Amino acid sequence: MIRLYDTMAREKRAFEPINPARITMYVCGPTVYGRAHIGNARPAVVFDTLARLIRHEFGEKSLVYARNVTDVDEKIIASAEKEGVDPSVITERYERHYLEDMGALGVAPPDIAPHATREIAPMVAMIERLIETGHAYEAEGHVLFSVPSDPDYGVLSRRDREQMIAGARVEVAPYKRDPADFVLWKPSADGVIGWDSPWGRGRPGWHIECSAMIRAHLGETIDIHGGGLDLIFPHHENEIAQSRCAHGGAPLARFWVHNGFVDMGTEKMSKSLGNIITPEALLAQGHRGETLRLALLSAHYRSPLPWTDALIEQSKTILDRLYRAAGDALAGEIDVEVAEALSDDLNTPAALARLQAIEDPAVLKASAGLLGLLSDTADAWFRSGADEAAVEARIAERAAAKQARDFATADRIRDELRADGIVLEDGPGGTTWRRG
Ligand SMILES: [Zn+2]
């Protein structure tokens, strides 16, 4: 029995899907205009782990997991203008990078990855429905959702009206009937990406994208809706309002599951704060994807996760130990205690602690697999570890040569490593390396 903490109910509840043969899960995916950072990777890894657990409990084909790609957005338009390219050049590039980076962390692609730009028709249809039912109105080429038309608005975040208006940092616009109203459709100027609609040429707001794509691919009411804590308000609140009002009151999701932030020092890791670390950079430093995955799973998903070098080192040490214990065993049965820990609201710290106590290599291999770990053979894991140690040894040798003013040897070592695909970078703190 899986139990999940439901943000709507503010408690852990038994997870009983509507249809155990077709469990539906939707997670708000990336806006593709830049490289993902470790904070962005956390929901990808958390919901990938939840997907593995659901498939283990209900059957391999039981789950339909959808994660959208936001490929029309103000930041994308701004990046495209800056580079002087079509927005699709930006979105295709960063979607590819996102899939590479998450793939390196052992995140399987979702079953469905709807793209906003390919789903304009269902969005327009939903907006039309909201206008017909008195929940939305057109004003100066915009269509806005009328927040006062929905008496249940605020049900997820439990904010009062003043907090909602402050929290949404809503734009005050003369065409809004109420300051809390939010955009469903907005006009596009000439030369800006847009589509024809009953309200003129324009583009969708962000919130309507998820509501319309959930309806189109998964149905009116889904089992699990996931995302980061920062999406509770206004994004998920708005999704709920749109979907419920368009579907005669049917709830959008039966479970709302939210992951906490990755912190740098005392602050949330975020692009706007400029304190981000990317999987790309960490992988280039020689850390392996599985090490980063274990680090991301080391805290309970609802807790903040402080990101430190020590955490990465510790995760690597645990993996070395697990690989040593598993050897080249093939996966056997999954350990009951590991499955139970994960079934208790995805208690990954407890599952990881239990993994380290399992003695049977085949059971260890299978149980680690439930967390997306030990996907390599022990041989491959330690071989690439040895490569890293060898690189470090060569760097030390080069430093010694430089110290002795033997620059010919230092340069030769650099060139030999370069030929092996290892790029050295000399900085004030010493030499670092990356694969390139
Ligand atoms: Zn969403």
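Just follow the structure's listing: the first ligand is 1, and inside any ligand the first atom is 1. Every value quoted in this text rests on a predicted model; they were computed, and no experiment measured them.
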In His225, His258, His207, the residue satisfying ring-ring contact (aromatic ring centres under 6.0 Å, His included) with His235 is His207

Is Cys28 close enough that one of its N/O/S atoms sits under 2.8 Å from the Zn ion (ligand 1)? yes

Can Arg67 be said to sit on top of Phe47's aromatic six-ring, NZ or CZ under 6.0 Å from centre and within 45° of the ring axis? no

So, are Arg354 and Asp344 salt-bridged, with charged N and O less than 4.0 Å apart? no

The Zn ion (ligand 1) contact by His235, N, O or S atom under 2.8 Å: yes

Exam field: side chain Asp223 to backbone Met25, donor-acceptor pair closer than 3.5 Å: no

Do any of the N/O/S atoms of Cys210, backbone or side chain, fall under 2.8 Å from the Zn ion (ligand 1)? yes

I'd like the atom name of the N/O/S atom in Glu239 lying closest to the Zn ion (ligand 1). OE2

